[in-house]
Amino acid sequence: MRSTARCPAGSMEAMLRRELGTELLRPTGHLGGGCISQGQSYDTDHGRVFVKSNAKAEARRMFEGEMASLEAILKTQTIKVPKPIKVIDLSGGTTLFVMEHLEMRGLNRHSAKLGTQLADLHLHNQQLGEKLKKEESTVNEWQNDWVTFFAKQRIQPQMDMIEKNSGDREARELWAQLQLKIPSLFCDVEIVPALLHGDLWGGNVAEDDSGPVIFDPASFYGHSEYELAIAGMFGGFSSSFYSAYHSKIPKAAGFEKRLKLYQLFHYMNHWNHFGTGYRGSSLNIMRNLIK
C-alpha cells in the first residue's frame, strides 16, 4: 500500500480522528481494495466507517466523483449504497474517502431484487420528468446527443489511445466503418437520460440483511442499456436479475446489437489498461456490428 510510505499510520489516524470528531478509532480487521484504492474499516464514536486511501495525483478528483455518485444514487431512494461521509487530504499527497461501513456478502438471495431496484434507479429520472411534464423535444434532443456523446466522448478517446500505443491499423479501419453505422442502431429508440451506476460489474454488487447493495459507482446520466453491458461481460448476475430488470424495462428492438456496442467501449478500455488480450474481442464486436 503506497500510502503508508508517504503518510505514517499514526499521523493518518490522528488526522482521521480530528476530521471525524471521534475519540475512538479502532481498525476492525476488515480490509478491502481493488486495483485502484486500498480500504480499511474502523470503529468510531459514531459507528463503523470504511476508509479508502489513494496516493495518486488524481485521487481527490476521483473520490469527489465517487462521493457525488453515491449522493445522487442515495437521493433516488431506490437502491442501497454506502452513505458517503468525507474526502480528506493528508499531508504527503494521500487522499482518504470515508463512508459508512456496510456488512456485505456476495450477491445471492437478492438477485431479483437487485434487478427490480436497478430498474427503479434507471426509471427515476424519467418519472421526475413526467412529474415536471417536460416537452417531448427535450427527450429527442437528448437522444441525438447521447449517440454522438457515446461515439465521440466514450469510444473515440479509447481508439485514440489504441492508436497512440500500438498504431493498430485494423482497429482504426473497423472503427471508421462502424462510426457510420452507429446511428442506425438507434432507430426508433427513445432514450430518456437515466442515472447510471456507471461501472456495474459483479465486483461492485453485494447484499446485506436488508437486500442488495451497489458500490464503487462512476455515475453519469446516459442510456439505461449501457449499464447492462459490463454486467454481461464478467458474469456475477443471474437470470433472475435480468428477468426482474426487464419486467420493468423491457428490451427495445435492437437491444442485443446496442449491448455489443456498449461492450465495445469496455473491451477497448480493458485493452488500453490491461493489454492486447482484449484486442480480439474488440475487433470481433466491430466486425459483427458492421455486417
Side-chain angles (χ1 to χ4, degrees), residues 1 3 16 20 22 24-54 62-63 65-87 96-122 124 195-219 224 227-249 266 270:
M1 200 167 139
S3 53
L16 253 180
L20 297 177
T22 179
L24 171 70
L25 189 77
R26 188 175 56 228
T28 66
H30 283 79
L31 292 171
C35 47
I36 298 172
S37 301
Q38 298 298 324
Q40 160 82 32
S41 288
Y42 295 91
D43 284 322
T44 75
D45 298 347
H46 320 294
R48 191 167 280 190
V49 298
F50 184 68
V51 181
K52 278 175 146 180
S53 68
N54 190 305
M62 186 178 76
F63 283 153
E66 186 177 344
M67 183 157 179
S69 299
L70 290 171
E71 284 169 346
I73 296 170
L74 258 180
K75 252 190 217 142
T76 67
Q77 299 183 330
T78 53
I79 190 164
K80 189 167 184 175
V81 290
K83 290 186 183 75
I85 297 168
K86 204 166 195 181
V87 176
L96 306 179
F97 178 24
V98 186
M99 68 189 84
E100 169 191 28
H101 170 96
L102 295 175
E103 286 294 332
M104 299 187 297
R105 55 180 178 266
L107 183 68
N108 178 14
R109 282 194 309 141
H110 293 299
S111 275
K113 197 172 175 187
L114 174 66
T116 301
Q117 292 182 349
L118 185 69
D120 289 338
L121 172 69
H122 291 168
H124 184 261
L195 178 61
L196 306 179
H197 172 282
D199 190 20
L200 198 81
W201 67 288
N204 288 343
V205 300
E207 65 185 36
D208 65 7
D209 292 335
S210 69
V213 182
I214 59 175
F215 49 95
D216 285 356
S219 295
S224 56
E227 191 92 280
L228 299 181
I230 196 166
M233 283 167 62
F234 304 112
F237 296 89
S238 67
S239 58
S240 63
F241 161 80
Y242 288 107
S243 50
Y245 179 90
H246 288 303
S247 72
K248 291 205 125 181
I249 302 179
H266 295 293
H270 279 69

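As a basis for the values below, the full set of heavy atoms in this structure was taken, side chains included, without hydrogen atoms, waters or symmetry mates.
- Proximity of Leu16 to Val98: side-chain heavy atoms (C-beta onward) are separated by under 4.5 Å at one or more points.
- Of all heavy-atom pairs spanning Pro82 and Val213, the tightest one is CD-CG1, 4.4 Å.
- The closest side-chain donor-acceptor pair between His101 and Ser41 falls under 3.5 angstrom.
- You'll find the side chain of Phe237 reaches within 4.5 Å of the side chain of Val205, heavy atoms only.
- Counting heavy atoms of neighbouring residues, nucleotides and ligands inside a 6.0 Å radius, atom CZ of Arg105 exceeds 12 of them.
- Taking the six-membered ring for Trp, Phe234 and His266 have ring centres at least 6.0 Å apart.
- Across His197 and Ile73, no two heavy atoms sit closer than the pair CA-CD1, 4.4 Å.
- A donor-acceptor pair is defined here as one N or O able to donate and one able to accept, closer than 3.5 Å; such a pair exists between the side chain of Thr22 and the backbone of Asp45.
- In this structure, the side chain of Glu71 does not engage the main chain of Pro84 through any donor-acceptor pair within 3.5 Å.
- Ionic pairing of Glu66 and Lys52 is present here: one or more N-O contacts between side-chain nitrogen and carboxylate oxygen are shorter than 4.0 angstrom.
- In this structure a side-chain-to-backbone donor-acceptor pair under 3.5 Å is present from Asn204 to Asp199.
- When atom types are taken as modelled, the side chain of Gln117 and the backbone of Ile79 share no donor-acceptor pair closer than 3.5 angstrom.
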